[in-house]
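The block underneath contains the structure these notes are about, expressed in structure tokens.
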Number of protein chains: 2
Amino acid sequence: MGKERYTIRDIAAMANVSRGTVDRVIHNRGTVSEDAAKKVKEVLEKINYEPNLIARSLKAHKDSVIAVVIPEYSEDYYWRQCAYGIRTSEKEFRQFGISLEYFQYSKTQEDYNKKFSEAIDFNPDAVLIAPVYYQDSLELFHRLEKKNIPFNLINTPIEDVSYRTFIGQDYRKSGRVAAQLMNTLVRNEKKILVIHVEQYFENSTHLQEKEQGFKDYLQDKNISQDIEVLTFRDAKELTDLKAILPETAGIFMTTSKTHLVAEHIGDNEDIKVIGYDLIPKNVQYMKEGKINILIHQNPISQGYDGISMLVEHLIYKREVPKVKLLPLDIVISENVDCYL
Amino acid sequence: MGKERYTIRDIAAMANVSRGTVDRVIHNRGTVSEDAAKKVKEVLEKINYEPNLIARSLKAHKDSVIAVVIPEYSEDYYWRQCAYGIRTSEKEFRQFGISLEYFQYSKTQEDYNKKFSEAIDFNPDAVLIAPVYYQDSLELFHRLEKKNIPFNLINTPIEDVSYRTFIGQDYRKSGRVAAQLMNTLVRNEKKILVIHVEQYFENSTHLQEKEQGFKDYLQDKNISQDIEVLTFRDAKELTDLKAILPETAGIFMTTSKTHLVAEHIGDNEDIKVIGYDLIPKNVQYMKEGKINILIHQNPISQGYDGISMLVEHLIYKREVPKVKLLPLDIVISENVDCYL
DNA sequence: AAATCAATTGTTCTCGTGCACAATTTGTTT
DNA sequence: AAACAAATTGTGCACGAGAACAATTGATTT
């Protein structure tokens, strides 16, 4: 049975060579005679050797530092959740010699640039980034590449960049899910609004993806439903909504600002609302019945996986996938508790 | 800052004692003078010492065996998924000296008894059980208790037994979720069927819980909907359904046998179906539109967590919660792929 | 004061891997 | 064959915790 755990010592004994030789064969470094190499390889093959990662990582204290570039999170529930995931992972890996250095940016383009730059100049061993501003990011990523620093992206995917892994949702699919749900909720001739609330909408490809997915679904299913897309730069602009609410059956909000819509809908209107993220205001409105469905974007997992997949690469040098897609969790008032 | 990683050596130096004494204080074993104990404790307090688990587990090869008592899974997709989670976890912990011994039972009461007994006589260090038959289980659990063998339950909760941790869903809530979803799907005067398909229904408290949750929700929300509960011992009995389908608006299936219902519904009937588990047949019917919603019971996580929480206890002696509730994932055809 | 025992403290080895260095063998040149 | 370099192989130590064992101190008895 291949059930036992063999050590390098065992292998050395079986192949009649020294521990050093086995080590050299495994890591193919140094010089080994053909004869010895063959014997060792045969044994390795036979017993299906798997190194003891515990012993290995006990030795391998390289003390790496990971820079974390995310939005300022003290005032923001969503990013605070994400930071919580990051910190959980930090705790777990501290004993592996991993430490984190946070670079939080306030939500302006300049500050994003500044903090990201600082992170690069800090010369970390790896970087975790929540990239919000597409254009600015490209140049910054390029600097990381030149320095040969591996980096992971969370929340917002950016194509054509040599990141290690993107952790987040398939936004196209996310939009499709929203559309299917909306279709079960709404069955009349009034129209459906797709609303974006984002200052830098042009840079936010993921919002555009959600919209596209939403439309794709309706088209695929031959559902002829009136759709109107609205893009607001600022929360205040939502007052414009009032006029069209009477002829609206449902609203799909592409961001976590879903609660804004709920606020603008009067108590008496029967408008179905689908949006994103379990931030307290959203959850509150959901429990009051003003938001029907929220799609959970798993900020905690994003943070946790973002770090741990970087560590997998730094310490264990494990292969990591290019994309780690998180589930598209559908949340209603009755199951919201188990995602909080 | 308490950011550094201190070793027992560091602590010994700081407290001006030997490494042995520090070790004795930490594990409070052996004899230590009050004076020395106080000094060491002060240092421990100050630096917030956390032992290096890697080094610890390198040494602590106790080679534990965990017995796994689950249904025969070669022919059963759900339990195969669960076994997959168990095996993933087995792989991960093999290097910690953990090995598993499987005791699969065919789905009869006698065989459950027999295999479970064998597992106990095997004298494992811990046991993971998917208990199906309530009555028989009590006696068997008692035998484990007497032998002082810790055990975890998955899938089916059994109260008043001193298991370590139950891993599974909150079935009451699960029923509530189904009810809320059904209520969005169905809005007419026809009735809703709650269907159980289970040979040993009396022993299956979790199915009864689902039913109760379903009813609770409707009552809480003052929804006056006709409900009829049907219990089938065998798949064949479902032919009886035919007669009542015309006056049925929706069906809530409490087991993974949801596909049976889909099979019995003709193509033309517009009956909404909510059921459990992403087994291939169910997924197939969902894609065809014959099943509307499936609630995912996370068999993989159940298996994985079931083992890993046992290991946490065996190796690290960490505190583990009495109940680990898995999320109540709502699955529709558009997001089914991300749960497979 | 020497002997004995208990209480306390200090030392050393182990776990499995990785790496640096030491030791050995082999081949080549004079 | 001696001298030397190159190729190959063997050995020792470090990582941090745990546990067995050895050593020291203090107290008690004869």
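The structure displayed is predicted, hence computed values, not measured ones. Every chain is numbered from 1 and lettered A, B, ... according to where its sequence line falls, protein lines coming before strand lines.
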* **Chi angles and distances behind the salt bridge (charged side-chain N to carboxylate O under 4.0 Å, His left out) call for A:R143, A:D121** => CA-CA 10 Å; A:R143 280 171 60 194; A:D121 297 336; 3.3 Å; yes
* Structure fact -> Its contact letters, B for base, S for sugar-phosphate only and - for none at protein heavy atoms under 4.0 Å, make nucleotides 18-23 of chain D read BS----
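When the nucleotides C:dG10, D:dG16, D:dG10 are ranked by their closest atom to the side chain of B:A55, D:dG16 comes out on top.
The interatomic distance linking A:L58 (CG) with D:dG16 (P) rounds to 7 Å, in whole Å. With rounding to whole Å, B:L53 atom CG is found 15 Å from D:dC15 atom C1'. In this structure, CG of A:N16 is placed 19 Å from P of D:dT8, rounded to the nearest angstrom. Taking atom CZ of A:R9 as the reference point, atom P of D:dT9 lies 19 Å away to the nearest angstrom. Across the protein-nucleic acid pair, B:I54 atom CD1 and C:dC15 atom C1' stand 14 Å apart, rounded to whole Å. For A:N28 and D:dT9, the CG to C1' distance is 17 Å, given to the nearest whole Å. Remark: P of D:dT9 and CD of A:E34 are 11 Å apart, rounded to the nearest angstrom. The distance between atom CG of A:D10 and atom P of C:dG16, rounded to the nearest whole Å, is 8 Å.
Note that CG of A:L128 is 11.5 Å distant from CZ of A:F151, once rounded to the nearest 0.5 Å.
Under the 3.5 Å distance criterion, the side-chain polar atoms of A:T165 are matched with a main-chain donor or acceptor of A:P321. At distances below 3.5 Å, not a single donor-acceptor pair connects side-chain atoms of A:E312 with backbone N or O atoms of A:V320.
Applying the 4.0 Å criterion to OP1 and OP2 of C:dT9, one finds that B:S18 has every side-chain N and O outside that range. Residue A:T21 has a polar side-chain atom (N or O) positioned under 4.0 Å from OP1 or OP2 of D:dG10. One finds a side-chain N or O of A:S33 lying less than 4.0 angstrom from the OP1 or OP2 phosphate oxygen of D:dT9.
Between B:E72 and B:S74, the side chains place a donor N or O and an acceptor N or O closer than 3.5 Å (distance only, hydrogens not considered). Side-chain atoms of A:K147 and A:N123 include a donor-acceptor pair closer than 3.5 Å.
Cation-pi geometry between B:K322 and B:Y163 is met: under 6.0 angstrom from the ring centre, within 45 degrees of the axis.
In this structure, B:T31 reaches the bases: a heavy-atom distance under 4.0 Å links it to at least one base atom across the strands shown.
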